[in-house]
Amino acid sequence: MKQILLFFICIFMLNNAYTQKADCKVLLDSLKGSYAGECKNGKANGTGKAIGVNTYEGEFKNGLPEGKGKYTWSSGNFYYGAWKNGKKDGKGEMHEFDNGNATLVKGYWKKDIYKGEYENPYVITNVTSEIGRVLVTKMSTDESTITITVEGLKTATSFSSSTFQTSTVMTSHQVTRGIYISKSSNANTNREITVFRGIEFPFRCTFNFGSSMIEIEFFEHGAWDVFVPINK
């Protein structure tokens with residue numbers, strides 16, 4: 001009697017588990033078909049595998065790929081990396097195959113859009129308090145230049161205790177990573193523009209403006225424009 005009862009309990013549990021999986025939804029249209037894995041509130045949640053027109057194996061949240069996982073297209077191309085809300089988002093690798101040729105793109109994605117090899121294309125590693133908000137803009141990808149525009153007025157005191165104003169200029173610079181080929185400067189009353197050309201990236205440099213300084217590291221190739229306001 002006990003054996004028969006246990007048999008029916010096992011059948012009930014297996015049937016219940018099957019029903020839960022069958023009712024576990026994957027919300028991405030390209031993955032709708034079959035799903036095997038963890039489930040919560042009727043949606044794929046946790047680790048699982050979904051097969052539709054394309055295939056995804058990895059982490060899910062609320063029915064969508066989220067976390068780390070591998071998405072494979074019907075063509076054989078695949079992406080392995082970070083996901084958020086059903087989109088490539090974070091660090092990953094895109095593998096593509098065309099006529100026997102394989103290409104690999106590594107880097108960072110944001111909402112399915114490839115942003116580049118580095119999560120942050122530049123980083124300001126050090127800056128003195130006299131410098132205001134520094135604006136860094138990537139103007140293009142087909143050049144290798146860095147343009148430093150420094151603007152502001154500073155007051156100096158002569159031996160007679162009278163004051164006068166001088167233009168803010170770059171007094172020196174120290175390259176600690178990468179190289180450049182040439183440099184030119186153009187100054188007016190309160191602004192100086194210095195252009196470094198032929199940059200080899202990554203490029204890290206400390207730019208000095210009298211007693212003020214800023215250190216920046218650029219990771220990506222391109223034409224960079226940096227505006228440095230001196231509040232002194």
Side-chain angles (χ1 to χ4, degrees), residues 81-82 84 88-94 103-232:
K84 185 175 182 181
K88 299 184 290 295
D89 201 296
K91 187 177 182 180
E93 300 179 354
M94 177 68 78
T103 59
L104 170 61
V105 177
K106 294 182 178 181
Y108 290 82
W109 278 258
K110 186 69 175 179
K111 294 182 179 179
D112 268 347
I113 298 174
Y114 180 67
K115 290 299 184 180
E117 185 179 356
Y118 301 93
E119 184 174 15
N120 298 306
Y122 72 91
V123 60
I124 298 175
T125 55
N126 197 5
V127 61
T128 53
S129 59
E130 301 88 358
I131 294 178
R133 184 185 177 188
V134 178
L135 300 178
V136 182
T137 306
K138 190 175 185 179
M139 307 303 294
S140 71
T141 59
D142 56 357
E143 296 182 56
S144 300
T145 62
I146 296 174
T147 301
I148 307 293
T149 300
V150 56
E151 183 177 279
L153 296 176
K154 61 180 180 179
T155 301
T157 304
S158 68
F159 290 105
S160 60
S161 296
S162 61
T163 61
F164 63 92
Q165 292 181 320
T166 60
S167 60
T168 301
V169 297
M170 185 184 301
T171 52
S172 64
H173 67 279
Q174 296 84 41
V175 177
T176 54
R177 186 180 186 185
I179 61 173
Y180 70 91
I181 294 175
S182 64
K183 177 178 77 74
S184 62
S185 298
N186 183 25
N188 56 31
T189 304
N190 69 332
R191 171 180 289 191
E192 182 194 57
I193 300 175
T194 302
V195 182
F196 295 83
R197 297 180 177 86
I199 301 287
E200 181 183 285
F201 295 92
F203 184 80
R204 182 170 184 161
C205 186
T206 300
F207 305 99
N208 299 289
F209 313 97
S211 60
S212 304
M213 60 81 69
I214 182 171
E215 183 179 27
I216 311 178
E217 185 164 8
F218 303 86
F219 299 106
E220 291 184 356
H221 175 275
W224 293 92
D225 187 83
V226 182
F227 177 73
V228 183
I230 306 292
N231 299 323
K232 185 177 179 182

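Given the structure is predicted, the values throughout are model-derived calculations rather than measurements. All heavy atoms count here, side chains included; hydrogens, waters and symmetry mates do not.
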side-chain contact (heavy atoms from CB on, under 4.5 Å) assessment of Met94 paired with Tyr114: CA-CA 10 Å; Met94 177 68 78; Tyr114 180 67; over 6 Å; no
Spacing of CD1 belonging to Ile181 relative to NZ belonging to Lys183, to within rounding of 0.5 Å: 15.0 Å
Contacts under 3.5 angstrom, residues 213-227 side chains, donor-acceptor by atom type, not counting sequence neighbours:
{"residue": "Glu215", "atom": "OE1", "partner": "Thr125", "partner atom": "OG1", "Å": "3.0"}
{"residue": "Glu215", "atom": "OE2", "partner": "Arg204", "partner atom": "NE", "Å": "3.1"}
{"residue": "Glu217", "atom": "OE1", "partner": "Arg204", "partner atom": "NH1", "Å": "3.2"}
{"residue": "Glu217", "atom": "OE2", "partner": "Arg177", "partner atom": "NH1", "Å": "2.5"}
{"residue": "Glu220", "atom": "OE1", "partner": "Lys138", "partner atom": "NZ", "Å": "3.0"}
{"residue": "His221", "atom": "ND1", "partner": "Thr141", "partner atom": "O", "Å": "3.0"}
{"residue": "His221", "atom": "NE2", "partner": "Glu143", "partner atom": "O", "Å": "3.3"}
{"residue": "His221", "atom": "NE2", "partner": "Ser144", "partner atom": "OG", "Å": "2.6"}
{"residue": "Trp224", "atom": "NE1", "partner": "Glu220", "partner atom": "O", "Å": "3.0"}

Separation between CD1 of Ile230 and CZ of Arg191, rounded to the nearest 0.5 Å: 12.5 Å
Inter-residue atom distance Tyr108.OH - Lys115.NZ, 0.5 Å rounding: 14.5 Å
Stepwise side-chain contact (heavy atoms from CB on, under 4.5 Å) test for Lys111 and Asp89: CA-CA 5 Å; Lys111 294 182 179 179; Asp89 201 296; 4.0 Å; yes
Nearest atoms (heavy-atom pairs only) where Ala82 meets Gly90: CB-CA, 3.9 Å
Full working for side-chain contact (heavy atoms from CB on, under 4.5 Å) between Val123 and Tyr118: CA-CA 11 Å; Val123 60; Tyr118 301 93; over 6 Å; no
Inter-residue atom distance Ser185.OG - Met170.CE, 0.5 Å rounding: 6.5 Å
Validation row: Phe209, Glu130 side chains within 4.5 angstrom (heavy atoms): no
Side-chain touch Lys88/Asp112, heavy atoms, less than 4.5 angstrom: yes
Ring centers of Phe207, Phe196 separated by less than 6.0 Å: yes
Distance (rounded to the nearest 0.5 Å) between Ile199 CD1 and Cys205 SG: 8.0 Å
Steps toward side-chain contact (heavy atoms from CB on, under 4.5 Å) verdict (Val228, Ile148): CA-CA 7 Å; Val228 183; Ile148 307 293; 4.2 Å; yes
Residues forming a side-chain hydrogen bond (donor to acceptor under 3.5 Å, both in side chains) with Asn208, sequence neighbours excluded: Ser172, Gln174
Backbone of Ile131 reached by a side-chain donor or acceptor of Ser212 within 3.5 Å: no
